[in-house]
Amino acid sequence: MSEAVESRDFIRQIVADDIAAGRHGGRIVTRFPPEPNGYLHIGHAKAICLNFGIAEEFPDAQCFLRMDDTNPSKESQEFVDAIQRDVRWLGFDWGNHQTHASDYFERLYELAVRLVRAGDAYVDGSSAEEIRASRGTLTEPGRASPDRERSIEENLDLFARMRAGEFPDGRYVLRAKIDMASPNINLRDPVMYRIMHRPHQMTGDTWCIYPMYDWAHGQCDWLEGVTHSLCTLEFEDHRPLYDWFLDRLGASPRPRQYEFSRLNLTHFVMSKRVLSALVQEGHVRGWDDPRMPTIQGLRRRGYTPESIRDLCTRVGVTRKDNVVEMAVLESCVREDLDARAPRAMAVLAPLKLVITDYDAEREEWLAAANHPRRPELGERTVPFSRELWIERDDFALDPPPKFHRLAPGREVRLRYGYLVTCTDVVRDPATGAVLEVHCTHDPQSRGGNAPDGRKVKGTIHWLSARHAVSAEIRLYDRLFVDPNPMAAREGKALGELLNPDSMAIVADAMVEPSLAAAAPESRFQFERQGYFCADPDTTPERPVFNRTVTLRDTWAKVSRRD
RNA sequence: UGGGGGAUCGUCUAAUGGUAGGACAGCGGACUCUGACUCCGCUAGUCUAGGUUCGAAUCCUAGUCCCCCAGCCA
């Protein structure tokens, strides 16, 4: 075996170099800082895998799960709980390193006072509109606020009174005093604090001023001892500001910010706004709808944490805008589920098959392997009788070329059952539709083995009609028609972008009796069809399964082409 | 037309001046009691133009195209 040269992404390379150079005393600290204002999606999974992954891979490294809760008007405990559940489900452990930005509100305030004292921040009485108007544009510099040269004493007094609750929302803000003419708009005296009389889920009524992201984030990183602050590309322009605050405060040692490109997947949208609209407008059944890219949606769909983590390693970490094909995600989950999902038989579109030379009273229980390559997963027995259900697509009156399933006069194998030959067909005299297929069986082929070793090309799945259990099976497809919905969006209503066939409910599917007891979230391969996951709605009386992904289907490809 | 980034097979990603490699997708074949899995093979790429060099995806120059930024959101 040749030595595989493990290549590292640029961030892990930086971390490795820093360790090699003895920076940060050899300690590495990262953090995943979600704002608890929505559910996590697969885009977040990339950041989670990166930050927690580094903490797992490097010695003496740790990762904080920090709730970035600086805006109580949008955040809630419900989201905090959901985020923790999702991170844990993905398989990561933050130990006792779970924090909130709000844990640092008091220290942030003290640091802000320091900046005011140093003449690096001032209280501005301009309205939001005035601030916007004086910020300038991409090509023109901004103008100084009339309050920019307010005395330090007055700033100190006003800032204290802001905190004390003497002013209504919007009356004043605290701004960093940097450079109104900077070509980087983020440096044009950014707002550090705004007045917001609103209780916070962690601090209650303690505060009526709340820090802005740019002010809070870097300082929290510093206070927590973060060494590598990893974020997405759109924060790149904020890095000079991130560094400016740390410079002014004389932070040492100090964190450094590195940016990487976010994950995009074809036929998916990651925007919280759009995701929320899908739920609000009723296009999906909720945040955990199996068509959603949320962690909870993917989970309900049947994706495994391992498959999502595998996706993150397959796509890598770079600074290039990218759109990963959905097929990669599907490949990840197929690979994982092929290895571990027990097999079972289910019929989605039942067609009656009668074995005319099999006694009507008779029943046999035949052994079926739970996994073709893993005998340790054991076997189950499946009932066999005279009347069976087979898949409608597995029979053709007039078979196309290369079709090697059942057709008049042809022989196929009933998986783990018998070799049967089609002798007759019962059709609806009015419509011509096939009502029943009649076969004879080879009694010597019990279990599916040809007694004389003859090759039988086709093997189809089946269910004993009188033993099969009726089930609801939900088939999912891409939610968005266009591979890049956000680009195709212009001028269109959300509904117009959606795939009308993204969900098909098969109410009258049939499954093996053993599947009635399937626990929610248990996953199976329904042979020849795909991977399925028992939905939380499932009950023994009414089993419900979600199709995670189909099996690769080269026959579908061939028949579509011809 | 300010500032900040980015361009390698269809897609994602390696190659850190020395054979452009891998994965997914696609195509062909072998195997098969799942048209699955597995295995084998094939197709396919350095944004453009110059330059430096024995040698350039990599260094230099000039272009082109794409993305981000004007919240008291993060």
Side-chain angles (χ1 to χ4, degrees), chain A residues 4-5 7-9 13 33-35 37 68 70-71 73-74 124 126-128 131-133 135-142 169-170 172-175 182-188 190-196 210 212-214 216-217 231-240 259 261 263 266 272 311 314-332 334-335 338-339 343 345 368-369 372-373 402-405 412-417 419 445 447-450 456-461 483 525-530 550-559:
Chain A
V5 179
S7 75
R8 286 201 250 247
D9 61 68
Q13 191 58 55
E35 184 188 12
N37 70 343
D68 206 350
T70 57
N71 186 352
S73 69
K74 295 179 162 188
D124 192 348
S126 305
S127 68
I131 288 179
R132 186 179 342 110
R135 187 158 17 235
T137 68
L138 294 179
T139 52
E140 307 157 37
D169 287 8
Y172 287 107
V173 290
L174 183 74
R175 298 178 75 177
S182 173
N184 181 343
I185 292 177
N186 297 117
L187 263 18
R188 317 238 263 232
V191 172
M192 294 170 64
Y193 277 96
R194 72 283 219 191
I195 298 172
M196 193 187 289
Y210 290 98
M212 300 292 290
Y213 165 85
D214 284 306
H217 199 85
C231 63
T232 44
L233 250 26
E234 67 269 26
F235 292 102
E236 196 160 10
D237 290 343
H238 295 241
R239 180 156 28 94
E259 310 86 18
S261 48
L263 171 68
T266 58
K272 273 184 192 172
L311 175 82
R314 289 202 208 184
V315 302
V317 181
T318 67
R319 293 174 60 87
K320 193 173 83 120
D321 289 336
N322 63 84
V323 186
V324 175
E325 289 178 350
M326 201 179 62
V328 182
L329 210 214
E330 294 182 340
S331 165
C332 291
R334 283 194 186 108
E335 182 179 303
D338 172 59
R343 312 286 131 125
M345 292 196 282
R373 299 192 307 281
K402 296 183 205 153
F403 184 87
H404 43 259
R405 280 114 97 141
V412 296
R413 171 183 298 105
L414 297 176
R415 175 138 240 228
Y416 300 122
L419 300 181
S445 65
N449 303 301
V456 177
K457 193 85 171 139
T459 299
I460 65 175
H461 58 277
Q525 184 198 97
F526 291 169
E527 296 210 28
R528 305 209 306 134
Q529 316 222 66
T550 62
L551 253 32
R552 278 186 67 233
D553 189 351
T554 49
W555 166 246
K557 231 179 289 180
V558 170
S559 52

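Quick caveat: nothing in here was measured; it's all calculated off a predicted structure. Below, chain A is the first sequence line, B the second, and so on; all start at residue 1.
Judged purely by distance below 3.5 Å, without hydrogens or angles, the side chains of A:Ser182 and A:Asn184 never pair a donor atom with an acceptor atom.
Applying the side-chain hydrogen bond (donor to acceptor under 3.5 Å, both in side chains) criterion to A:Tyr193, with sequence neighbours excluded, gives A:Trp215. For A:Arg415, the side-chain hydrogen bond (donor to acceptor under 3.5 Å, both in side chains) test picks out A:Glu527, with sequence neighbours left out. Residues that satisfy the side-chain hydrogen bond (donor to acceptor under 3.5 Å, both in side chains) test with A:Arg314, not counting sequence neighbours, are A:Asp310, A:Ser331, A:Glu335. With sequence neighbours excluded, no residue forms a side-chain hydrogen bond (donor to acceptor under 3.5 Å, both in side chains) with A:Glu330.
Base pairing in RNA chain B gives the following stems of 3 or more Watson-Crick or G-U pairs, range against range and under 3.5 Å: B:2-7 with B:64-69, B:10-13 with B:21-24, B:26-30 with B:38-42, B:47-51 with B:59-63.
Contact between the side-chain N/O atoms of A:Arg135 and the OP1/OP2 oxygens of B:rG71 is found at a separation under 4.0 Å. In this structure, A:Arg528 reaches the B:rG35 phosphate: one of its side-chain N or O atoms is under 4.0 Å from OP1 or OP2. Taking side-chain N and O atoms only, A:Thr139 has no distance below 4.0 Å to OP1 or OP2 of B:rU1. Proximity of A:Lys320 to the phosphate of B:rC12: a side-chain N or O atom is located under 4.0 Å from OP1 or OP2. Proximity of A:Thr137 to the phosphate of B:rG2: no side-chain N or O atom is located under 4.0 Å from OP1 or OP2.
Side-chain to base pairing of A:Glu140 with B:rG2: no donor and acceptor N or O lie closer than 3.5 Å to each other. For A:Arg405 against B:rG35, a side-chain N or O and a base N or O form a donor-acceptor pair under 3.5 Å.
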Under 3.5 Å, which N/O atoms of the protein pair with N/O atoms of nucleotides 65-68 of chain B?
| unit_1 | atom_1 | unit_2 | atom_2 | d |
| --- | --- | --- | --- | --- |
| B:rC67 | O4' | A:Asp321 | OD2 | 3.2 |
| B:rC67 | O2' | A:Asp321 | OD2 | 3.2 |

